[in-house]
A.B. asks: 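Below: one structure in structure tokens.
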Amino acid sequence: MVNVIVGLQLGDEGKGRVTDYLSEDASVVARVQGGNNAGHTITIKDKVYKLHHIPCGVLRGIKSLLCAGMVIDPDILISELENLEQSNIDTSNIYIDGSAHVILDLYKNIDGMQENNRNTSIGTTKRGIGPAYSAKYARYGIRFWDLISNDYSILKNKLENIVSFFNLDNSIVDEYMDKLTSEKYLSRFKKMVCETHLILQNELKHENKVIIEGAQGAFLDIDYGMYPFVTSSCTTSAGSFLGTRLNYKDINLVYGVTKAYTTYVGNGYFPAEQDCPTQYFLDKGGEYGTTTGRARRCGWLDLPMLKSSIAINGVDKLVLTKLDVLSGLEKIYYVNSYSLDGEIIDYYPSDPYAFSRVKPIIESVPGWQEDISCHNLLYKLPNAARDFCYLMEEKLNTKISAISVGPEREQLIKCN
Ligand code: IMP
């Protein structure tokens, strides 16, 4: 059985803790796209773990896969592994697909330069994600197979291409050859690199549960997101088979994760931001990026976006996160629909010119004052909090499966 966890908004929905919860009875967890632009924070007891490449299931001690659709920064991955090892977490069950692409240091510089030279910057994480995917699609990308091969001529050939495409100094070829074939890399990666889809298929044959941990959110998807203010990978549920060599028939359940409000760290139009008390959400929700530390832009829950996202992802169940952050507000506002040139619409228009003209139609429901972070049963929530959840279910025509009311593992209300 394959359960997919996807972000329905613009990233940072709290997918990490949802993966942690759903992988309780799973045997494998897999990341399928993106790289260390993602950042997952998991709190267990008093310890906070920040993961960037490695899926959160590693904290449950189950097999953790970095699948073919990913781009991976080897140095950052090694330091993530070392951090886990220092906390006595077993890393021997972490595998990398040989077809995953390597983020070279020079890609980070290119990412930064491209950001600085754009008329309107995208607001990337400057981790080299875009250049690594560009290299992949331009077919000079370096893959983990290249690092563990006995024949380094292909690696050298690719580096020579990179040097000539970017007009770089030839000395870079030797520099990178030394680094990419170093003992430090080989001793780590030789035992980790494999065909991860064989592991997945074997688990499915034995009827084990596989969790696919999405990174970023639907509106950062390269095809469906708010282009060009997007990341470079497929962040929707389609990415779960594109990035693993599973096929869509293997997917049993899609969990769509949404915060009780919306946040965004890029540039571009963000209708839900209108009249939103950003500082309140920054302070109470701790809305600062795990990867970059940047303050996030904050907005109300955006139902038209969520409706489109649920449809694109084929969401079966919702997971609502950070409901506790709304406690204390007199009224809870949400974007019910958009007005586009005088017409009311309830979806996200993929035409960017139309999207730039939509005006959010904002409605409200009564808020609640009680702290709800100590509850883990739905009936214990104040009526207004429960009504807000029921409203979401009704408007989105999708059931809520769990609600988080705080960062701790235990601060989770299981609904069905
Ligand atoms: P990139 O993925 O670094 O190229 O950045 C492209 C866009 O995606 C920027 O707006 C980033 O802020 C955003 N982004 C990338 N990863 C994440 C994430 O994990 N959470 C939220 N936003 C992200």
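Atoms within a ligand are numbered from 1 in the order they appear, just like the ligands themselves. All values derive from a computational prediction rather than experimental measurement. Just so you know, these numbers use all the heavy atoms, side chains as well, and skip hydrogens, waters and symmetry mates.
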A.B. asks: Decide whether the shortest distance between a heavy atom of Val230 and an atom of ligand 1 is less than 4.0 Å.
C.D. replies: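 The answer is yes, since Val230 has a heavy atom less than 4.0 Å from ligand 1.
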
A.B. asks: Consider every N or O of Lys126 and every N or O of ligand 1, then say whether any pair is closer than 3.5 Å.
C.D. replies: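 N/O-N/O distance under 3.5 Å: no.
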
A.B. asks: Side chains of Arg294 and Glu287, heavy atoms from C-beta outward: is any pair under 4.5 Å?
C.D. replies: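 With C-beta onward as the side chain, the pair stays apart.
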
A.B. asks: Judged by non-hydrogen atoms, does Ala38 sit under 4.0 Å from ligand 1?
C.D. replies: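 Yes, Ala38 has heavy atoms under 4.0 Å from ligand 1.
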
A.B. asks: Can you tell me which residue pairs pass the ring pair (Phe, Tyr, Trp, His ring centres under 6.0 Å) test with a partner in residues 288-333, sequence neighbours excluded?
C.D. replies: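 As it turns out, the ring pair (Phe, Tyr, Trp, His ring centres under 6.0 Å) pairs with a partner in residues 288-333, which skip direct neighbours, are Phe281-Trp300, Trp300-Tyr333.
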
A.B. asks: If hydrogens are left out, which of Val71, Asp111, Val265 has an atom nearest to atom 22 (N) of ligand 1, that is, the closest non-hydrogen atom?
C.D. replies: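 Heavy atom nearest to atom 22 (N) of ligand 1 belongs to Val265.
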
A.B. asks: More than 12 foreign heavy atoms under 6.0 Å from OH of Tyr224: is that the case here?
C.D. replies: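 Not buried by this count: 12 neighbours or fewer within 6.0 Å.
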
A.B. asks: Taking atom types as modelled, find out whether Tyr338 and Asp302 have a side-chain donor-acceptor pair closer than 3.5 angstrom.
C.D. replies: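 Distance-only check passes for Tyr338 and Asp302.
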
A.B. asks: Between His52 and Ala38, is there a donor-acceptor pair closer than 3.5 Å when you use the side chain of the first and the backbone of the second?
C.D. replies: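 Pair found, side chain donor or acceptor close to backbone of Ala38.
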
A.B. asks: Does an N or O from Thr231, backbone or side chain, lie closer than 3.5 Å to an N or O of ligand 1?
C.D. replies: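 The answer is yes, given that Thr231 and ligand 1 share an N or O pair closer than 3.5 Å.
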
A.B. asks: Take every heavy atom of Gln216, measure it against each atom of ligand 1, and state whether any distance is under 4.0 Å.
C.D. replies: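 Yes, that is the case, since the closest heavy atom of the residue is under 4.0 Å from the ligand.
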
A.B. asks: Starting from atom 20 (N) of ligand 1, locate the nearest protein heavy atom and write down its residue, its atom name and how far away it is, to 0.1 Å.
C.D. replies: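 The closest heavy atom on the protein side is Asp12 OD1, 3.1 Å.
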
A.B. asks: Atom 4 (O) of ligand 1: which of Ile222, Thr235, Asn37, Thr124 has the nearest heavy atom?
C.D. replies: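 Heavy atom nearest to atom 4 (O) of ligand 1 belongs to Thr124.
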
A.B. asks: Measure the distance from atom 3 (O) of ligand 1 to every protein heavy atom, then report the residue, atom name and distance (to 0.1 Å) of the closest one.
C.D. replies: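 Minimum-distance protein heavy atom for atom 3 (O) of ligand 1 reads Thr125 OG1, 2.5 Å.
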
A.B. asks: Which residue from Leu220, Ile129, Asn36, Leu10 reaches closest to atom 13 (C) of ligand 1 through any of its heavy atoms?
C.D. replies: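 When every heavy atom of Leu220, Ile129, Asn36, Leu10 is considered, Leu220 comes closest to atom 13 (C) of ligand 1.
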
A.B. asks: At under 4.0 Å between heavy atoms, is it the side chain or the backbone of Gln9 that contacts ligand 1, or both, or neither?
C.D. replies: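 The answer is neither.
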
A.B. asks: Are the side chains of Thr262 and Glu273 in touch, meaning some heavy atoms are under 4.5 Å apart?
C.D. replies: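 Thr262 vs Glu273: side chains apart.
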
A.B. asks: Could you tell me the residue and atom name of the protein heavy atom closest to atom 10 (O) of ligand 1, and the distance to it rounded to 0.1 Å?
C.D. replies: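 Result: Gly266 CA, 3.4 Å.
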
A.B. asks: Taking Arg357 for the side chain and Tyr353 for the main chain, is one N or O donor matched with an acceptor at less than 3.5 Å?
C.D. replies: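 Between the backbone of Tyr353 and the side chain of Arg357 there is a qualifying donor-acceptor contact (under 3.5 Å).
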
A.B. asks: Is the shortest heavy-atom distance from the side chain of Leu198 to the side chain of Glu195 under 4.5 Å?
C.D. replies: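 In short, these two side chains touch, coming nearer than 4.5 Å.
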
A.B. asks: Just checking, any donor-acceptor pair under 3.5 angstrom between side chains of Thr196 and Asp97?
C.D. replies: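 Asp97 and Thr196 do have a side-chain donor-acceptor pair below 3.5 Å.
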
A.B. asks: Nearest non-hydrogen atom to atom 11 (C) of ligand 1 belongs to which of Gly123, Gly217, Gly130?
C.D. replies: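 The residue whose heavy atom sits nearest atom 11 (C) of ligand 1 is Gly123.
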
A.B. asks: What class does the angle between the rings of Phe166 and Tyr140 fall in, given that below 30° is parallel, 30 to 60° is tilted and above 60° is perpendicular?
C.D. replies: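 Ring orientation, 0 to 90° scale: perpendicular.
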
A.B. asks: Under 4.0 Å from any heavy atom of Ile122, which atoms of ligand 1 are there?
C.D. replies: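 Per the distance check, 10 (O).
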
A.B. asks: Is Arg294 in contact with ligand 1, taking contact as a heavy-atom separation below 4.0 Å?
C.D. replies: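 Heavy atoms of Arg294 do come under 4.0 Å of ligand 1.
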
